[in-house]
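One structure below.
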Amino acid sequence: MRRTYLILAASLIPATVLADAACTQALHTPPAGLAGSAVNGSNWLDPGTLRYGLGQAPRFMRGIALTPPAGAPARTPARQPIDPDRRTATDPADGAQRSLRHLPENRIDADGVLMLQHGQVLLDYRRSGFDPARPQLLLEATRPLLVTMLAKASAEGRFARGKAIPRLIPELAPSRELAKLSMQRLLDGRTGLQWSDAEFRQWQKEGGWMPAGGVGGVRPWLVRRSAWPRVSGDPGSDMRGPEGALLLWATEKAWKKPAPDVLCELLAISRARNPAFWATDPAGTPLADGLALSLEDFAAVGQSLLDARTPSGRRTIAPRWFADTLASPGNPAQPTPDAIRALGPDTTWQYRFAHPGKGHRAAIIGAYGSSLYVDFDHGTVVAVFASHAQRHSPLLMASLRSLWDAAIRTKE
């Protein structure tokens with residue numbers, strides 16, 4: 001791997017840049033002197049500042065800036081793009097038929113919606129001032145991508161999904177509770193691990209999401225945990241919280257490289273066009289919810305999942321068996337997070353992806369409306385960046401479902 005040096009302007013410190021065929025990386029530190037600003041490290045992800053904060057993570061977090069190689073072509077418009085003022089959709093608030101534009105503007109609070117069909121742009125909706133090339137925090141939507149990276153590693157024989165978590169992360173071997181948990185349970189998000197409110201807050205502090213209070217970073221904090229209690233019976237299901245740090249740690253162990261290096265390969269395979277950012281804790285460890293991608297490249301990940309079911313001779317981001325599993329309904333008897341159930345009673349959850357309704361489809365459900373829907377039957381991808389006031393309100397989830405249904409409907 002060739003090493004070179006560059007100085008990035010403004011907020012980037014002089015750093016060693018790692019260059020390979022996939023992308024370049026540079027260490028990043030946020031600018032000083034934000035304490036007196038209206039938006040600062042204490043409130044940047046509050047409801048009143050969320051829209052700004054999600055797209056400005058480098059102003060508030062340490063991290064790694066990633067730039068994919070130039071050359072990926074822009075996507076061409078579909079022959080019959082959707083007119084959001086003519087295409088109708090059901091408003092789940094009252095069941096009325098309204099223009100498709102009504103959903104992103106009034107129910108989802110979408111900043112941008114990018115719909116692809118067979119790789120072409122079916123709809124490109126943007127709130128005023130939104131840049132689809134600017135990286136935006138995915139928060140818990142990062143976790144299904146980590147599972148995808150781990151599925152690829154498993155397919156290559158890098159680890160066994162049936163083995164206990166400490167077999168892949170030996171630093172956690174002293175935990176008897178983890179020794180009884182398989183990697184498969186971690187990938188499914190059904191470990192049953194319990195986290196108190198105090199532990200949740202400390203996890204945020206250790207990651208740098210909250211100012212001050214950390215004592216060494218996320219992983220030392222996990223290692224110091226003396227007990228890992230679990231619920232008995234129903235193992236529960238996790239969408240956010242400290243469990244994601246285990247997923248990311250396992251990803252790095254399986255690939256024997258830092259998560260940003262693994263991401264570089266994913267960006268290359270999906271033919272990403274824009275810079276990305278991965279926030280780290282103060283110790284420099286990537287955070288499970290710290291990945292920021294552009295809307296264009298988030299949609300490209302969805303297109304790559306479509307491609308994984310139709311091998312074309314190119315590398316894919318996931319093995320065929322994994323894409324086939326995502327495209328098929330999960331077990332309705334398995335526990336499902338409340339937010340996923342709000343998509344509809346016919347929604348199942350597996351590998352941290354939702355499967356809404358009949359047919360072959362999968363969805364990543366992030367926070368505040370940000371999501372990625374992939375319909376394998378219709379070759380359709382719907383990527384949404386949003387900043388809704390509530391993380392997973394029932395009306396928000398129902399509006400996303402209605403948006404997806406409108407995207408695949410053939411008649412205006």
Side-chain angles (χ1 to χ4, degrees), residues 22-28 30 44-45 50 53-68 111-112 132-153 189 203-204 207-209 218-219 238-252 254-255 257-270 272-281 284-302 304-305 317-318 351-353 364-372 383-387:
C23 61
T24 59
Q25 302 179 36
L27 300 179
H28 164 86
W44 65 290
L45 290 178
L50 183 65
L54 287 174
Q56 298 292 334
R59 284 185 57 81
F60 308 103
M61 300 285 286
R62 295 177 180 271
I64 300 169
L66 303 99
T67 305
D111 304 308
R134 183 185 63 204
Q136 183 158 310
L137 271 178
L138 301 185
L139 299 179
E140 60 254 37
T142 306
R143 300 183 184 202
L145 301 186
L146 293 173
V147 173
T148 302
M149 296 176 194
L150 281 166
K152 186 176 176 67
W203 164 72
Q204 291 181 309
W209 297 104
V218 170
R219 289 180 186 171
D238 170 72
M239 285 186 68
R240 60 190 295 249
E243 186 173 314
L246 297 179
L247 263 180
L248 191 140
W249 202 351
T251 300
E252 295 192 330
W255 286 98
K257 62 177 70 173
D261 287 359
V262 183
L263 175 66
C264 281
E265 181 176 353
L266 182 148
L267 294 177
I269 294 172
S270 61
R273 302 181 65 239
N274 305 300
F277 179 76
W278 204 320
T280 70
D281 67 13
T285 302
L287 297 170
D289 299 343
L291 178 58
L293 293 179
S294 71
L295 183 63
E296 292 179 342
D297 292 339
F298 195 34
V301 170
S304 294
L305 287 172
I317 66 170
Y351 286 110
R352 300 177 186 260
F353 285 75
I364 292 174
I365 303 299
Y368 311 113
S370 294
S371 53
L372 180 66
V384 179
F385 277 175
S387 47

Side chain of [X], backbone of [Y]: donor and acceptor closer than 3.5 Å?
{"X": "T285", "Y": "T280", "result": "no"}
{"X": "D297", "Y": "N274", "result": "yes"}
{"X": "S270", "Y": "L266", "result": "yes"}
{"X": "S371", "Y": "G369", "result": "yes"}
{"X": "E252", "Y": "A259", "result": "yes"}
{"X": "W255", "Y": "D261", "result": "no"}

Note to self: By the definition side-chain contact (heavy atoms from CB on, under 4.5 Å), identify the one residue from M239, R143, E140 that meets it with R352.
What the structure shows: R143

Taking every non-hydrogen atom, the tightest pair across [X] and [Y]:
{"X": "L267", "Y": "A276", "result": "CD1-CB, 4.3 Å"}
{"X": "W203", "Y": "G241", "result": "CZ2-O, 3.6 Å"}
{"X": "I317", "Y": "K152", "result": "O-CD, 3.7 Å"}
{"X": "V218", "Y": "A245", "result": "CG1-CB, 3.6 Å"}
{"X": "L54", "Y": "S387", "result": "CD1-CB, 4.3 Å"}
{"X": "A318", "Y": "T148", "result": "CB-CG2, 3.8 Å"}

Notebook entry, point to check: Would you call the rings of W209 and W44 parallel, tilted or perpendicular, where under 30° means parallel and over 60° means perpendicular?
Noted result: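 Ring orientation of W209 relative to W44: parallel.
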
Sequence neighbours left out, cut at 3.5 Å: what donor-acceptor pairs do the side chains of residues 58-67 make with other protein atoms?
| from | atom 1 | to | atom 2 | distance (Å) |
| --- | --- | --- | --- | --- |
| R59 | NE | Y52 | OH | 3.1 |

How long is the gap from [atom1] on [X] to [atom2] on [Y], to the nearest 0.5 Å?
{"X": "F298", "Y": "L145", "atom1": "CZ", "atom2": "CG", "result": "6.5 Å"}
{"X": "L293", "Y": "L263", "atom1": "CG", "atom2": "CG", "result": "6.5 Å"}
{"X": "L137", "Y": "Q56", "atom1": "CG", "atom2": "CD", "result": "10.5 Å"}
{"X": "D111", "Y": "S370", "atom1": "CG", "atom2": "OG", "result": "7.0 Å"}

Is the closest side-chain heavy-atom distance between [X] and [Y] below 4.5 Å?
{"X": "P286", "Y": "P260", "value": "yes"}
{"X": "L138", "Y": "F385", "value": "yes"}
{"X": "R219", "Y": "L248", "value": "yes"}

Check: Is there a side chain to side chain contact (heavy atoms under 4.5 Å, CB included) between V262 and K257 once you walk through the steps?
Finding: CA-CA 7 Å; V262 183; K257 62 177 70 173; 3.5 Å; yes

Check: Is there a side chain to side chain contact (heavy atoms under 4.5 Å, CB included) between L247 and V147 once you walk through the steps?
Finding: CA-CA 7 Å; L247 263 180; V147 173; 4.0 Å; yes

